[in-house]
Each structure stands twice: as C-alpha cells, then as structure tokens.
Amino acid sequence: LHAAAGHVGRLRLMGYHIRFTFFGEDQVERTLLGYAERSTDMRPAWEQIEARFVEYEEDWFAAEGDGTWPPLSRSYAEWKARHFPGQPTLQREGILVESVLRPDISVMEPSYAIFGTADPVAGYHQKGGGNLPVRKVIDLSDEERQEWVRIVQAHLYGVDVAEVGG
C-alpha cells in the first residue's frame, strides 16, 4: 500500500523524520532529533494519531469542511434535496464519511503506520477535476499537525503528551 496509490495516509518514521502524506500532499513533515531507544516501536504513537485523526475528521465532516468546501451546484443541490433530503455535503449516502471515520485500511508497524480509506471517491473530492470542485476530505490544521508531532515527541520522550510543549 502506498500513499501514491491515492487512498491512504501513510505515516513513516524515517530515521528521525516524520512525514504524513495524503494524495501526494504533505500534511505533516517534521524532523526530530535523538530518542533512538523509543523509536524502535512507534505503534503506541501511531495508534494515538489514528484516534486523533478520526476525531478531527468527525469534526471536519460535521462542519462541512469548516467553510472551505464550495457550495453544491444549484442543479445538483436541487437533485440531492429531492433524493437525499437533509444529507450534508459529501455525505449523500454516508459511504465516504464512514470509510474515513472507520478506516478501511489500518496497518500499525513499529516504524510506520498506514491508515485511511479505500474509497476512490475520497481522491476525487480531495483533488477535484472537471466539474467537481476541490472539497478536501483531509486538510489538517496547523494545530492538528503540531499535535501529531507532539504525540510522536511524547512517545520518544517517554512522557504523557500533556507534558510536551507546543
């Protein structure tokens, strides 16, 4: 499985460099110094990050992209209102959101983690194209990116994440 395949996010500890990409876009990239002992098994950190990711995405979908998603076209909005009344943007049948909130792909290894959706619709919305505008399924805030790095740092320091400065 590769992030380049388009449907999964991939976390990898490369030496002391952490990087998370989704559809070729870097979401988190930081270099960490030292801490070789605890870096041999990063699974506890990966599991915390995946749990945070799901929480973040729940909020992201509930807020319909937090104001970044363009409105539906008039004709599609009318059609959707008739056929799927009350369904929010990107949640017509709930398949996409469920595949993101309950990742179809979840692999936790000592030096890397892969988690995300196998639903190709995620890629269409993430990148847009043709008549489909970009409505990013994943667009981590700077604060969330920093939190992921804090989780990794806390694991490497051997402390609770609350003890790591922002």
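A quick note: this is a predicted structure, and the numbers were derived from the prediction, not measured.
Scored by the side chain to side chain donor-acceptor pair (under 3.5 Å) test, S106 finds E50 as partners (sequence neighbours excluded).
Using modelled atom types, one side-chain atom of Y56 and one backbone atom of S141 make a donor-acceptor pair closer than 3.5 Å. A donor-acceptor distance shorter than 3.5 angstrom exists from the side chain of R145 to the backbone of L140, with no hydrogens or angles considered. The main-chain N or O of V100 is never found under 3.5 Å from a side-chain atom of E57 such that the two would form a donor-acceptor pair. Not a single donor-acceptor pair under 3.5 Å links the side chain of H155 to the backbone N or O of I151. With hydrogens and angles disregarded, a donor-acceptor distance shorter than 3.5 Å links the side chain of K80 to the backbone of P88. The backbone N or O of K136 lies less than 3.5 Å from no partner atom in the side chain of Q126, so there is not a single donor-acceptor pair.
Residue P110 comes nearest to D41 through the heavy atom pair CA-OD1, 3.6 Å, listed as atom of the first residue, atom of the second, then distance.
For D160, the CG atom counts as densely surrounded, since its 6.0 Å shell holds more than 12 non-hydrogen atoms of other residues, nucleotides or ligands. In this structure, Y124 places its OH atom where only 12 or fewer heavy-atom neighbours from other residues, nucleotides or ligands lie under 6.0 Å away.
The hydrophobic clustering, which links ILVMFWY residues whose side-chain heavy atoms are closer than 4.5 Å, places I95 and F61 apart. Residues V97 and F84 do not share a hydrophobic cluster, clusters being chains of Ile/Leu/Val/Met/Phe/Trp/Tyr side chains in contact below 4.5 Å. Put simply, V134 and W60 are part of two different groups of oily side chains (I, L, V, M, F, W, Y) that touch within less than 4.5 Å, one to the next. Side-chain heavy atoms closer than 4.5 Å link hydrophobic residues (I, L, V, M, F, W, Y) into clusters, and following such links, even through other members, never connects Y76 to L132.
Among residue pairs with one or both ends in residues 95-114, those qualifying as salt bridge (charged side-chain N to carboxylate O under 4.0 Å, His left out) are E98-R102; sequence neighbours excluded.
Here the straight-line distance linking atom CD of Q48 with atom CZ of R43 works out to 14.5 Å at 0.5 Å rounding. Distance CD/Q91 to CD/E64: 7.0 Å, rounded to 0.5 Å. For the atom pair CH2 of W46 and CD1 of I114, the computed distance is 11.5 Å after rounding to the nearest 0.5 Å. To the nearest 0.5 Å, atoms CZ (F53) and CD (E144) are separated by 9.5 Å. Here the CH2 atom belonging to W148 is positioned 14.0 Å from the CD atom belonging to E143, to the nearest 0.5 angstrom. Of the inter-residue distances, the one linking D142 atom CG with E147 atom CD reads 13.0 Å to the nearest 0.5 angstrom.
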> Does the pair L90 and R135 meet the rule for a side chain to side chain contact (heavy atoms under 4.5 Å, CB included), with working shown?
Replying inline: CA-CA 8 Å; L90 296 189; R135 290 187 182 93; 4.1 Å; yes
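A salt bridge does not link R52 to E55: none of the charged side-chain nitrogens sits closer than 4.0 Å to a carboxylate oxygen. A salt bridge is defined here as a Lys NZ or Arg NE, NH1 or NH2 lying under 4.0 Å from an Asp or Glu carboxylate O, and R74 with E78 meets this definition.
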